[in-house]
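Encoded as structure tokens, the structure appears first; notes follow it.
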Protein chains: 2
Amino acid sequence: MLDPINGRIVDARPVTAAEISPLDRLAPELAGGWRTATEYVEAILKAAILDGRLPGGTALRQEELAARFGVSRMPVREALRQLEAQALVDMLPHRGAVVTAISAADAADGYAIRRALEVAALRLSIPNLTAAQRAEAATLIAAMDSEPDAGRLGQLNRRFHLALYAAAGHARMLQLVEQELSAFDRYLRFHLAAHGRGEMAQHDHRAMLDAADRGEVEAAVAVLERHLDQAAATIARFFRGRGG
Amino acid sequence: MLDPINGRIVDARPVTAAEISPLDRLAPELAGGWRTATEYVEAILKAAILDGRLPGGTALRQEELAARFGVSRMPVREALRQLEAQALVDMLPHRGAVVTAISAADAADGYAIRRALEVAALRLSIPNLTAAQRAEAATLIAAMDSEPDAGRLGQLNRRFHLALYAAAGHARMLQLVEQELSAFDRYLRFHLAAHGRGEMAQHDHRAMLDAADRGEVEAAVAVLERHLDQAAATIARFFRGRGG
DNA sequence: CGGCCGTTGATTGGATCCAACATTACGCTA
DNA sequence: TAGCGTAATGTTGGATCCAATCAACGGCCG
């Protein structure tokens with residue numbers, strides 16, 4: 001394993017037993033509500049990829065994963081297919097699966113997608129937001145203030161954004177937004193490293209919610225666009241700084 | 001099989017042998033460039049769903065499909081997983097796969113996604129379009145004028161739009177656009193039925209290309225937005241008219 | 001007569017086995 | 001010694017078999 005950021009093929013470094021099944025293994029159904037082994041494998045692999053335990057370029061050997069998860073190769077194969085469709089792994093026929101590399105270009109891509117979709121979702125959602133939904137968003141902002149763990153912070157951020165868009169209707173659009181927000185978690189660590197604790201982001205979050213409370217669609221959209229553009233610029237700067 | 005549009009569960013009506021393997025079966029590698037049975041099954045099923053031969057609500061029995069394709073159940077299973085990730089089939093654990101229903105809400109969802117993503121892609125692409133790419137787009141417009149078959153017309157329309165966005169960079173964004181454009185094919189027949197032959201659409205296509213030729217980004221964006229909004233309205237009217 | 005429960009059939013999820021492909025290493029030849 | 005062809009090996013793709021689950025049917029009991 002050479003570099004956790006660039007996309008070179010590195011030696012397979014699957015998650016260790018301690019990482020993947022502290023207690024999940026004992027009661028898989030209860031722990032995560034998984035109904036099939038495929039869902040279980042997919043959920044664990046996805047989490048491991050998104051939080052960086054499986055860096056870009058890691059080769060994913062089916063047999064090795066199957067052994068660690070305590071299942072046969074088949075659920076692993078199906079889980080890998082699902083992850084491929086989510087652009088988290090690349091599969092080549094007869095050559096196996098590799099964790100998708102992250103890069104400055106991919107980050108810019110993700111931000112462009114988010115900018116387009118989230119602005120549209122926000123426009124559609126604000127006029128229909130209920131008081132309960134706005135309160136939920138406010139709760140999530142408060143929770144982010146006192147959350148030290150980067151992983152949970154990413155989840156809270158994701159839930160906040162989705163809460164704001166929840167009234168947009170358009171289930172498939174929201175699903176795409178959620179997917180992109182999840183993918184963004186892979187870059188969150190760099191964002192935090194380059195940007196302290198993101199006090200600015202919290203300011204933007206509050207501004208967006210305030211605008212939503214007042215029903216000022218365009219004001220909220222403007223904040224969101226600036227929010228995303230600044231985040232994109234931060235990531236781009238980070239990659240430039242390290243020659244990515 | 002009751003209604004090809006609404007989403008009620010209907011009897012399984014898989015593609016017939018004549019539909020799925022006229023000669024593809026004889027030389028699968030050459031015919032479509034498929035490298036694995038899974039790719040083959042996925043491509044055929046996807047085409048059948050998109051062009052309406054497998055209407056929404058059709059139950060997809062693994063064994064039945066496997067028999068018709070001349071393969072075992074496993075490639076079918078993996079292909080269904082891929083299609084599920086593309087929102088073309090719904091899979092429920094232990095209960096099988098069903099072709100995703102189409103509806104007014106789903107159509108509106110798709111248009112909202114397209115409006116957001118394609119506008120963004122067009123903005124990014126126009127400044128970087130090469131003369132060759134613009135010529136390609138012009139060729140596709142001309143081809144659409146003299147294409148009677150609805151299926152091929154949809155493909156040409158897809159290629160035209162993608163040609164306009166090709167210079168946007170952002171591979172993943174373009175991939176999403178392509179996916180949505182493909183999904184749109186399911187609604188194209190209704191669009192044509194309700195709207196004659198779409199003379200208006202061709203007018204918009206030419207206007208977009210002209211604006212792109214002159215580098216007028218905002219003019220092209222305005223046409224695209226109107227183009228999509230009108231198409232969305234046509235589909236909505238169609239569904240309203242038939243009580244959908 | 002109606003609702004609940006166990007049983008049966010059909011279908012999918014998972015495991016194991018075999019075949020096909022890709023990569024690598026090796027040896028032969030020019 | 002460099003290059004090519006071939007064989008060996010490891011990995012994935014596909015087939016078959018078994019287990020688990022769901023839906024439907026029928027019988028039993030209230």
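Chain letters run A, B, ... following the sequence lines, proteins first, then strands; residues in each count from 1.
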Not counting sequence neighbours, which residues clear salt bridge (Lys or Arg N to Asp or Glu O under 4.0 Å) with B:Glu78? List them please.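 Counting only residues at least two positions away or on another chain, B:Glu78 forms a salt bridge (Lys or Arg N to Asp or Glu O under 4.0 Å) with A:Arg77, A:Arg81.
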Per-nucleotide protein contact along nucleotides 10-21 of chain C, 5' to 3', at a 4.0 Å heavy-atom cut-off (B base, S sugar-phosphate only, - neither), is -SBBBBB----S
What distance separates A:Glu180 CD from A:Arg158 CZ, expressed to the nearest 0.5 Å?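 Going from the CD atom of A:Glu180 to the CZ atom of A:Arg158 covers 12.0 Å.
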Could you measure the distance from the CZ atom of B:Arg114 to the CG atom of B:Leu181? Nearest 0.5 Å is fine.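 Result: 4.5 Å between the selected atoms.
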Partner set under side-chain contact (heavy atoms from CB on, under 4.5 Å) for A:Asn157, not counting sequence neighbours: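 Scan of A:Asn157 (side-chain contact (heavy atoms from CB on, under 4.5 Å), adjacent residues dropped) gives A:Met144, A:His161, A:Phe184, A:His205.
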Hey, can you tell me if B:Tyr40 and B:Phe69 have their rings parallel, tilted or perpendicular (30° and 60° cut-offs)?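 Judged by the thresholds at 30° and 60°, the geometry between B:Tyr40 and B:Phe69 is perpendicular.
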